[in-house]
Amino acid sequence: MPTTDPTPTHPETTHPEATHPRATRPHTPPQQKKLPLAGLLALATAVFITSLTETLPAGLLPAMSADLGVSESATGQTVTIYALGTALTAIPLTAATAGWHRKRLLLMAMAGFAAANTVTAVSGDYTLTMAARFVAGVAAGLAWALLAGYARRMAPVHLQGRAIAIAMAGIPVALSLGVPAGTYLGELLSWQAAFLVMTGLTVGLLAWIAALVPDYPGRPRGATPPMLRTLRVPGVSPVLFVTLVFVLAHTVLYTYIATYLTDLGMGGSTDAVLLVFGAASLLSIWIVGALIHRRLRVLTLAAVLLVGVAAALLAVFSDTPALVYAAVTLWGLGWGGAPTLLQTAAADAGGEAADAAQAMLVTLWNVAMAAGGVIGGLLLDLSGTSSFPWTILLLLTPVLLVILIARTHGFPAVRPGAKQ
């Protein structure tokens, strides 16, 4: 697994793959020479559960819709409400719990996932299901604020990047194996069984964390710079704009991928399509991890272009299954490394205000996911799934322009500190 930028970060305001190049590193015993794999794999499992809980409904949408007695566009809002829970609470909860011990907070967050997934599994009421998904989103806001920084604090300085890579491996595993496996389980047994399996995994993880993950203190209150001041830092606003619109474009289609494939006559292949997407995402993350230190701008442009080409293929050649699989492969290659690219760009642009930039990034990320579910649902009801690829192309146009323009700040040709 490739490493990411090995410099330290504050754990409280990071995004799913967040790094922070200018933070003060917490104490690590000087005699520690190896990575604490048992603890890091526990964090990777937490990342896996968090990522899979968020995206699992995408592969189960038709069955959930039938059992809850609502339309598929309404069921798609289970992804929206999850993202909304994270977006509304990530910053205030991060500030409120800044001084808490990290292990206690991580256990609370994961317990929230266990409760929310259990309620989702047993609920036959749409309103109760939405409430449970909102609680899961709140738990996600706490978890994502912890995990990347937690991994760094567990590792010696020279292995911090590798520690982050191990912990964040839960994301591609969720995409490449978790979502298709959950979709298959939903087809084989029921969608409720898929969520109950998530509960079982989380209960086991709670015991794992309690036994093998070390604890660390919180940080002093008031350490995060004001948000509005951060927006005036050159380069921060372009990165946040790209994050908002790029995630929105992705979510419009991904939330309704099962419905989209059903309309193409490929509904029975949803798990296979998601597996291809996840495998391509895994490769993308590996490539980005290997090259991001020197090629952040090129990789970001390539990510947007790959997703754009994928959308164009789906818009024009969706009647050919082989080309649908080709498009999904390009989509995964473009999207898989995007979170790492965007959080790194935000940290670089933010400089001394990198913590605040990361806090805004995680909030906008989830605003985009919530909006993607809403916009996708409206498009589904008004224009059908065939409008999804064209919408992606429309949204990616300003994204590409902003990246091209932000050559000095935001997405510079030479990343600060990179050796050419």
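Residue numbers count from 1 along this sequence.
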- Note on the structure: Exactly one of Thr45, Leu106, Val213 clears side-chain contact (heavy atoms from CB on, under 4.5 Å) with Leu205, and that residue is Thr45

- Message: Is any side-chain heavy atom of Val273 closer than 4.5 Å to one of Tyr260?
- Response: no

- May I ask you to check whether over 12 heavy atoms, not counting those of Tyr325, lie within 6.0 Å of atom OH? yes

- Flag the pair Leu41 / Trp208 as yes when at least one side-chain heavy-atom distance between them is below 4.5 Å, and no otherwise. yes

- Applying the side chain to side chain donor-acceptor pair (under 3.5 Å) test to Asp215, which of Arg104, Lys103, Arg153, His101 qualifies? His101

- Query: Under the 3.5 angstrom rule, does the side chain of Ser269 hit a backbone N or O of Ala272 as a donor-acceptor pair?
  - Reply: no

- Message: With a 4.5 Å cut-off on side-chain heavy atoms, are Tyr256 and Thr385 touching?
- Response: no

- What one should report as the nearest heavy-atom pair of Leu128 and Asp125 is N-OD2, 2.9 Å

- Message: Looking at Ser65 and Leu61, would you say the former's side chain and the latter's main chain have a donor-acceptor pair under 3.5 Å?
- Response: no

- Message: A side-chain contact here means heavy atoms from C-beta on lying under 4.5 Å apart; do Met130 and Thr78 qualify?
- Response: yes

- Query: Looking at side-chain heavy atoms only, is the closest gap between Asn117 and Leu56 below 4.5 Å?
  - Reply: no

- Would you name the heavy atoms of Ile285 and Gly336 that are closest together and state the gap between them? CG1-O, 3.1 Å

- Spacing of CG belonging to Leu274 relative to OG1 belonging to Thr183, to within rounding of 0.5 Å: 5.0 Å

- Query: Among Val122, Val70, Leu68, Val119, which one satisfies side-chain contact (heavy atoms from CB on, under 4.5 Å) with Thr129?
  - Reply: Leu68

- Message: Within the structure provided, determine whether Ile287 and Leu291 are in side-chain contact (heavy-atom separation under 4.5 Å).
- Response: yes

- Closest non-hydrogen contact found for Leu185 with Ala194 is CD2-CA, 3.7 Å

- Message: Ring-plane angle category for Tyr254 and Phe277, please: parallel below 30°, perpendicular beyond 60°, tilted otherwise.
- Response: tilted

- Message: Looking at Arg133 and Glu54, would you say the former's side chain and the latter's main chain have a donor-acceptor pair under 3.5 Å?
- Response: yes

- Query: Any donor and acceptor pair, going by atom type alone, linking the side chain of Tyr82 with main-chain N or O of Ala132 inside 3.5 Å?
  - Reply: no

- Note on the structure: All heavy atoms of Thr363 vs all of Ala87, minimum pair found to be CG2-O, 3.4 Å

- Query: How long is the gap from OG1 on Thr86 to CD1 on Ile81, to the nearest 0.5 Å?
  - Reply: 10.5 Å

- Item | Side-chain (Ser284) to main-chain (Ala280) donor-acceptor, under 3.5 angstrom | no

- Message: Can you classify the ring geometry of Tyr216 versus Tyr150 as parallel (below 30°), tilted (30 to 60°) or perpendicular (above 60°)?
- Response: perpendicular

- Query: Would you say Tyr126's side chain and Gly69's backbone share a donor-acceptor pair under 3.5 angstrom?
  - Reply: no

- Query: Does any N or O in the side chain of Gln77 come within less than 3.5 Å of the main-chain N or O of Ser73, such that one atom is a donor and the other an acceptor?
  - Reply: yes

- Under 4.5 Å between any side-chain heavy atoms of Leu396 and Phe246, yes or no? yes

- Query: Counting N and O atoms only, with roles assigned by atom type, does the side chain of Arg297 sit under 3.5 Å from a partner on the main chain of Leu404, one being a donor and the other an acceptor?
  - Reply: yes

- Query: So, the side chain of Ser123 versus the backbone of Thr120: is there a donor-acceptor pair under 3.5 Å, distance only?
  - Reply: no

- Query: Only one of Thr243, Leu244, Val245 clears side-chain contact (heavy atoms from CB on, under 4.5 Å) with Phe241; which?
  - Reply: Val245

- Message: Are the side chains of Leu43 and Val47 in contact, using a 4.5 Å heavy-atom criterion?
- Response: no

- Query: Do the side chain of Thr270 and the main chain of Gly267 share a donor and acceptor less than 3.5 angstrom apart?
  - Reply: yes

- Task: Would you mind listing every side chain to side chain donor-acceptor pair (under 3.5 Å) that reaches into residues 189-201, with sequence neighbours excluded?
- Result: Asp67-Trp191, Asp67-Gln192, Thr118-Thr199, Ser190-Gln192

